[in-house]
Each structure stands twice: as structure tokens, then as C-alpha cells.
Amino acid sequence: MLVYDRPATRWTEALPVGNGRLGAMCFGGTTSDRVQVNDDTCWSGSPATVAGRSLIAAGEGPRILDDARAALASGDVRAAERAVQRLQHGHSQAYQPLVDLIVQEVGPGEEVRPAEDSHPAGEAHLAGEVHPGDEVHRADEAATPPGYARSLDLRAAVASHTWSSAGATIVQETWSSAPHQVLVVDRRATDGCLPALRVSLVSPHPTLDVQGTPTGLAATVRMPSEVVPDHEPADEHVHYDPTPGAAVTAAVHVAIHTDGIVGDGGPSATADAVEVVGATYLTLVLGTETDFVDAATAPHGDLDALRAAVARRTSAVVDQIVTDGLPALRAAHVADHAALFGRVELDLGPDPEDTATTPERLARHAGGAPDPALAALQAQYGRYLMIAGSRPGTRPLTLQGIWNESVVPPWSSNYTTNINTEMNYWPTGAGALDECYEPLTSWLGDLAVTGRATARDLYGLPGWAAHHNSDVWGFSLPAGDGDSDPSWTAWPLGGVWLATHLWDRYDWSRDLGFLADAWPLLRGAADFALAWLVEQPDGTLGTSPATSPENRFVAPDGQPAAVGVSTTSDQAMIRELLERCLDGAQVLVGAGAVVPEDSPDPDDADWRTAARAALDRLSGERVLPDGRLAEWSTDLVDVEPEHRHQSHLVGVFPGSRIDPRSEPELAAAALATLDARGPDSTGWSLAWRLALRARLGDIVGARAALDAFLRPTADGARPDELVAPLDDTRPGAGSGVYPNLFCAHPPFQVDGNLGFTAGVVEMILQSHRTTQDLTVVDLLPTLPAGWQDGAARGLGARGAVTVDVTWHDGEVTGLALRGPVGRSVEVSLPMGGGRRTLAVVLDDGTWDGAGELA
């Protein structure tokens with residue numbers, strides 16, 4: 001439970017709800033309340049925008065690639081950088097806000113009117129600027145009414161707040177229902193009546209059109225046709241194009257259910273706000289419908305169809321409330337959420353005995369007060385956000401999940417594929433949320449379509465490729481405007497890294513049908529990886545050009561550079577993909593699985609031979625003279641030794657090649673690398689470092705990363721809650737968590753929340769040494785001193801095994817396993833002052849270790 005004693009005054013204090021598609025941020029206002037709404041199909045652009053803006057003639061790409069390789073072979077880094085910059089093709093599109101639902105108390109004689117937009121039509125709402133909904137909501141900041149409390153129940157997925165007014169206790173609950181595909185806002189007085197209320201819709205988009213309907217409010221909003229990223233200079237960042245098919249259009253309907261009087265017996269046909277008086281309860285049912293079809297189909301623009309569809313949905317829900325009662329609707333929502341969230345229980349210690357709010361707990365923890373339950377709360381919050389933001393049939397989580405209030409959001413709130421999109425889905429397997437993996441693995445099919453054209457037309461190569469940035473339309477080209485930094489634009493291995501998630505989903509679930517369906521995507525990414533490799537002077541295979549995402553070295557001219565040959569991360573990612581693709585082929589052939597028509601044959605002996613031969617010629621990781629793991633193919637000086645990215649450690653986590661048991665020298669070098677990176681960084685980087693140190697068995701370092709992640713950050717925190725001064729200049733200054741526990745890069749990025757969850761689980765359970773026939777589980781491998789007593793139920797291990805474990809004084813006292821009948825499991829666990837290994841067979845699909853542990 002997240003708990004607060006005042007309304008949110010900033011977006012990073014508001015509480016998120018979501019059903020995978022429909023997200024909302026709940027501010028918990030009293031006299032004026034804001035519920036900021038997103039629909040996950042609301043993006044700028046259209047299928048046409050995946051073409052980007054080419055700076056070169058058709059067919060010129062392979063020659064430019066050859067030029068870059070020749071320049072690197074001759075030692076001319078600057079010529080290589082100029083060459084790869086010519087391959088840049090503009091930018092991905094941006095995830096968009098939709099509307100704000102505003103509920104205001106109406107004073108005697110006040111006119112019924114919505115909030116006025118503080119921005120003239122056509123001006124952009126950039127991240128950090130005042131949002132039109134803020135103008136209404138900030139009127140509620142002056143005083144917190146008596147009896148006020150605000151909370152988010154992670155088990156029920158309900159945001160609520162309560163307060164006293166004129167002798168009555170008022171309770172408001174908000175949830176986003178997956179079974180009913182609507183957002184529900186219910187406000188009621190336990191005795192007496194609610195004050196007169198005004199309900200309105202506002203939007204940061206100038207295309208908003210709101211009208212009253214016989215049942216509430218209806219609106220349409222057209223998204224921009226293009227949004228230039230916030231990090232790029234532009235005269236206008238936002239462009240709206242009315243041309244059919246150029247942008248997504250959304251319809252919104254708010255159906256009102258109340259025992260009060262709505263307007264003069266009902267909304268007028270023209271009113272853009274409605275007033276409700278004399279009510280003891282007010283239930284608002286908000287639905288959305290857009291003309292997004294899929295990544296390849298232009299939005300259809302049929303507004304009548306959109307309006308009719310969303311009105312039918314909200315009206316049907318109101319009819320159900322009338323028939324069955326609101327509690328039944330709420331119960332269906334809670335049961336649907338609990339079926340996923342309730343799979344895992346995590347107990348790392350008791351909650352505080354007092355009634356401390358969540359910001360108070362963060363401040364106390366940062367000051368050194370023990371609160372092991374806070375880490376468990378934050379870890380479960382990551383699972384909550386995954387369930388709320390990623391459900392079958394929806395789009396994958398963006399940089400901000402499904403929650404964004406800005407038309408020009410940070411980094412376009414897109415799919416950033418050089419770490420962030422991958423990190424978003426790290427906790428799905430161990431967190432027992434396989435269903436939530438589906439949006440990512442389905443979207444990879446869309447990305448592969450455009451990625452095949454990118455590989456073929458830009459590089460003259462087979463398979464499919466993606467670069468650093470993508471979007472709902474599947475943008476796969478190198479981003480940039482011809483002068484953008486190659487450190488983040490010249491990286492064609494986005495598809496290579498993302499494709500390993502296909503194997504991972506199979507490895508956790510052992511769903512053979514999924515692996516068969518995913519085989520064309522897995523093999524296509526591997527085909528590109530093989531073709532991208534070029535022979536090096538020493539006879540090895542490597543990559544050229546190559547970057548280590550977003551990092552730079554000091555070039556011979558003394559200036560920063562990013563483009564080189566055969567970076568460690570390139571080699572590690574390609575090795576991981578080729579090995580997993582060979583594993584997948586072996587599984588499919590051994591099971592006689594049927595792959596999709598026109599897919600490559602898993603039993604292609606020539607391809608397997610080529611892949612194995614390439615693996616034999618890849619360079620392995622190497623150790624620098626100072627003991628760190630090398631990031632570059634030669635001993636170069638880092639421009640920024642404490643850089644936030646540590647891509648060359650991908651073989652530690654999420655990969656499995658560098659394990660302290662099998663590669664102790666490389667593991668020690670990886671740990672030395674983390675030490676050299678320093679104790680502070682951005683929020684998502686701290687989450688990755690937590691997982692890395694957990695995998696390496698570094699108890700002290702993992703705990704330090706965890707504590708740094710949980711540090712309350714400046715934005716949105718009261719001065720008395722701050723641990724660091726506002727002028728802090730340390731690396732990663734401002735990182736940590738906001739009052740609503742969102743991860744601060746800063747700004748908010750959901751990947752940090754999800755990476756933290758994966759890291760905490762990694763401290764308790766690891767299963768990366770699993771093989772096709774044997775699940776290998778390491779229990780409590782990186783258990784810090786403050787977690788010596790605890791329990792975890794329902795954690796996932798590779799091989800489709802579920803683990804329940806309890807421990808006391810750092811030693812396992814209870815263990816139960818569930819999984820496929822006949823599955824062999826090897827368990828390493830702390831007992832008797834050392835570690836013990838148990839060999840288990842799940843004869844009937846279960847095993848209880850009570851006898852073994854006695």
C-alpha cells in the first residue's frame with residue numbers, strides 16, 4: 001500500500017492505475033481533482049512515418065557502410081563518424097497524452113465551465129511545462145481538509161482518497177478495469193450529500209472537441225502527425241495534419257451515473273462541462289476508442305464509428321452498475337488484477353509499526369532507519385506497474401509505461417532499445433507474469449517487418465535490424481538528423497538484443513507453441529547478426545562500425561569519439577543471440593514442432609554450421625591491465641568513467657556467460673568495472689547495477705545500489721524529505737524515486753521500476769544456469785544483512801518451475817517447488833553455515849522440502 005496525507009500537487013506525486021491499454025494518474029484532489037488519462041494507442045505519426053527522412057539516395061547505404069569500415073580500418077575515426085551520420089533517418093514518434101478528467105466543486109452562482117488551456121492552440125506542452133489540468137487542480141493546494149488520506153492498494157489496483165467536508169465523509173475510488181475496458185471514478189458521501197460538482201474534459205492538444213450527450217460528455221482528440229524529440233532543436237516540435245490517415249484520432253466518452261440532478265435534468269447538446277447537484281454518489285465511467293488498427297494500417301478516421309463504439313461500451317457498463325451494483329463491477333476488476341498480482345508474495349521484514357506515509361518511509365530509509373519492507377513494496381510495485389501497463393493485446397511499455405502527460409515527452413516516451421525496452425520486461429519471468437510479456441513479443445513482429453527493409457535497403461543484408469529508437473509504428477532506421485551523435489545513433493543491434501527476449505519467454509514458460517511461432521523472428525535477427533560480422537585482421541569476426549551504447553572514448557585527436565570496431569557489448573549480444581537461436585533450433589527439431597509457413601527450417605544444417613563457426617571466431621571478453629572488463633576492442637581512455645551505461649556487462653546480466661562459478665576472472669573484472677563506475681547514477685542504471693551485483697554475489701554492493709535507488713529525489717519532494725541538496729552535482733544527481741515511487745532517471749522512466757524488481761528477485765533467487773533438461777536454482781545468493789528472515793512465494797525459475805521459500809537467520813527453513821511433471825531441479829541453498837545442493841525430481845509436478853530441510 002502506498003500511503004499519503006495530502007493531495008498530489010505534481011505529476012510525480014499522483015498515483016497510477018491502468019488496465020494495459022487505458023492508464024490514468026490520480027491526483028487525489030478534493031475541491032478540485034485531476035485524473036490524467038492515456039490510451040496506449042495514442043501516438044504521434046502513422047505507418048508512413050517509419051520511412052523517416054533519408055539523407056542519401058536509394059541504394060547508397062551499402063557503399064556508405066563500406067566507407068565507414070574502410071575509414072576505421074585506416075584509423076580515421078572522424079571519417080567513420082561522418083559516414084555513419086549520413087545513414088541517419090530522422091526520429092521515432094512520441095507517445096501522447098489524451099485528456100484530463102476534471103471534477104470541481106461548484107460555488108453558489110458559479111458558471112459551469114471547463115478549465116481554460118494555458119497554451120494557445122498549436123503550442124506544444126513539453127515535459128515539465130504547466131498542463132491545462134494543472135490550472136484546475138492547483139486550486140486545491142491551499143489547504144488539506146480534515147481527515148484526508150490517499151492511497152494506492154497494489155493488491156486491488158484501486159487508488160482512493162478520503163476527506164471530511166461539511167460534516168460528511170467523502171470517499172473517492174478510481175480504477176482502470178481490464179474486464180470492462182473502462183476507467184471508473186466513484187465519489188460518494190457516507191452521510192449527507194456531495195457538494196455541487198462540475199465534470200469536464202481538458203487536453204493539452206488543441207484538437208480537443210467536447211460536447212454534452214444525453215448520458216454525459218463526449219470528446220474527440222486528434223493526435224499530432226509528427227513530434228520532434230525534446231532533445232532536438234526545432235522551430236515547432238509539434239505538427240498537426242488533418243490529412244486522412246496522417247494521425248490517430250481518439251474518441252472519449254464519460255458516462256455519468258448518480259442519484260443527483262445532472263444539469264437541467266441532463267447535459268445539453270452543446271455544453272462542454274456538466275454539473276451535478278444534490279447527489280450522494282457520482283460514478284464516472286470513462287471509455288476511449290481510437291482509429292489505430294495496427295502498425296501497418298493507416299488510421300481510418302471514422303469519427304462516427306469511434307463515438308458510437310465508445311458510447312456503447314460506457315453505457316453498457318453503466319447498465320451493469322444499475323443491474324448488479326458498483327461493488328460487483330469493482331469485484332470483477334479486483335479479481336482480474338489479483339489473478340496476476342497475487343501469484344507472488346514477498347516478505348523481507350515487517351512494515352513500520354507507526355502510520356508513516358510513503359514519503360516519510362523513503363526519507364527515514366535514506367537516513368539509515370531499517371525498513372526492509374520498503375524494498376519489498378518497491379519490488380511489488382514494479383509487478384503492479386507491469387500488470388497495469390502491459391496486457392495481452394496492448395502495446396509494449398514505453399519509457400514511461402502507459403503514463404505520460406506531455407505532448408513532447410522526455411525522449412519521446414518511445415521504445416529505447418539499447419537498454420530501456422529490454423529492462424522493462426526483465427521481471428516478467430521471475431515475477432510470474434508471462435502474460436504481460438505478450439505485448440513485447442507481438443510488437444517484435446511489427447518491428448521485424450520494417451527491420452527487414454532496413455537491413456536490406458540500408459545495409460544490403462539479410463534478416464532484420466533495428467536501432468536505438470522505435471515506436472508503435474515500428475520505426476527501425478538509425479535516428480538523427482545527419483549531425484546527431486553516433487554514440488546513440490550508430491547502433492544496429494536493437495533487434496539482436498530484443499530477440500533474446502523471445503528465447504527468454506520460452507525459457508521461463510517452456511511454451512513450445514510460442515517458441516515455434518517466434519522462430520522466424522529469432523532466426524531473422526540472427527541472420528542479420530551473422531551478416532553484420534566482418535573478418536578482422538587477426539582472423540576473428542567482429543563488428544564494424546561498432547559503438548558501446550551512448551558511451552564515448554578519447555580519440556587520437558584528444559576529442560571524444562564513439563565509433564570503433566568490435567565493442568564488447570556487440571560481441572556479447574551477438575554471441576548470446578546465436579547461442580539461443582541454436583538452442584531454439586535444437587528444441588524445435590527435437591520436439592518435431594511445426595513452425596509458421598515460409599519460416600526458415602530449424603533443421604537447417606548449413607545454417608547451424610555457419611552459426612557455430614561464427615561463435616568459434618568471436619572474440620571473448622578481456623580484462624584490462626587495471627582489472628576492469630574491457631569495453632572497447634583496444635585499451636582506450638573513457639571520456640566519462642562513471643557513465644550510466646554499462647553495456648559491456650550484458651554478459652553478466654541479463655546474459656549468463658559471465659558467472660562467478662564458471663568465469664571467476666571475468667566476474668571479478670565485471671565487479672571492478674562496477675566499482676569504477678561509482679556508487680551513483682541514473683535511476684534505471686542503479687537498477688541494472690543492482691541486478692549485476694546480485695548476479696555477481698556482491699552483497700554489500702547490491703545493498704548499496706538498492707539504497708541509492710530508494711533515495712527520495714528532489715522533484716516533487718518537500719524540502720524536509722530531501723537527503724541531498726538541490727544543487728547536488730554528483731553523477732546521477734536527482735536519481736532515486738519520486739514520492740509516488742516512480743523511478744527518477746530523472747525524469748521518470750518506468751524501466752528503472754521494473755529493473756529494480758528484477759534485481760530484488762535476483763538477490764533471492766537465480767536460475768540462469770538452467771539447461772533444457774535441468775532447472776538450476778540458487779536460493780538467497782545475495783542476501784543482505786537486513787533480510788535475514790523472510791519468505792517469498794510464487795517466484796518463477798527457468799524451466800517453468802515455481803518456487804516458494806522461507807528463511808530464518810539467512811538459512812532456508814522451508815521450500816516447495818511446482819513445475820512440469822518429471823522436471824529435474826537442482827537447488828543450491830544456504831544451510832548449516834554453508835551451502836547445500838539438493839537434486840529433486842517433480843514426479844507429480846510438485847515437491848515439498850519439509851523432510852529434506854528438517
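What you see is a predicted model; the values in this text were computed from it and never measured. Along the sequence shown, residues are numbered consecutively beginning with 1. Note that these values count all heavy atoms, side chains included, but never hydrogens, waters or copies made by symmetry.
Side-chain contact of S544 with R69: a donor-acceptor pair under 3.5 Å is absent, judged by distance alone.
For the pair Q85 (side chain) and S484 (backbone), a donor-acceptor distance under 3.5 Å is present. Under the 3.5 Å distance criterion, the side-chain polar atoms of H467 are left unmatched by any main-chain donor or acceptor of N469. Checking side-chain atoms of N424 against main-chain N and O of T398 turns up a donor-acceptor pair under 3.5 Å. Checking side-chain atoms of W411 against main-chain N and O of P229 turns up no donor-acceptor pair under 3.5 Å. Under a 3.5 Å cut-off, the side chain of H645 and the backbone N or O of N418 do not form any donor-acceptor pair. A distance-only check finds no donor-acceptor pair linking the side chain of T567 to the backbone of A546 [under 3.5 Å]. Side chain of W443 to main chain of D471: a donor-acceptor pair is present (N/O by atom type, distance under 3.5 Å, no hydrogens or angles). In terms of modelled atom types and a separation under 3.5 Å, the side chain of H89 and the main chain of L87 share a donor-acceptor contact. Between the side chain of E60 and the backbone N or O of A57, at least one donor-acceptor pair lies under 3.5 Å. Side-chain atoms of E226 never come within 3.5 Å of backbone atoms of D241 as a donor-acceptor pair (strictly under, hydrogens ignored).
Other residues, nucleotides and ligands place no more than 12 heavy atoms under 6.0 Å from the CZ atom of R53.
Using the six-membered ring where Trp is involved, H231 and W488 have ring planes that are perpendicular, over 60° apart on the 30 and 60° scheme. Note on ring orientation: taking the six-membered ring where Trp is involved, the planes of Y425 and Y437 are parallel (angle under 30°, cut-offs 30° and 60°). Using the six-membered ring where Trp is involved, H205 and Y240 have ring planes that are perpendicular, over 60° apart on the 30 and 60° scheme.
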Kindly determine whether R395 and D40 satisfy salt bridge (charged side-chain N to carboxylate O under 4.0 Å, His left out), including the steps that lead there.
CA-CA 6 Å; R395 269 44 57 192; D40 83 333; 3.0 Å; yes

Using the salt bridge (charged side-chain N to carboxylate O under 4.0 Å, His left out) rule, take R644 and E550 through it: C-alpha gap first, then chi angles, then the decisive distance, then the call.
CA-CA 9 Å; R644 62 194 176 277; E550 302 190 36; 2.8 Å; yes

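D527 pairs in a side chain to side chain contact (heavy atoms under 4.5 Å, CB included) with only one of the listed residues (W607, W464, W532), which is W607.
Of all heavy-atom pairs between L201 and A219, the closest is CD1-CB, 3.9 Å.
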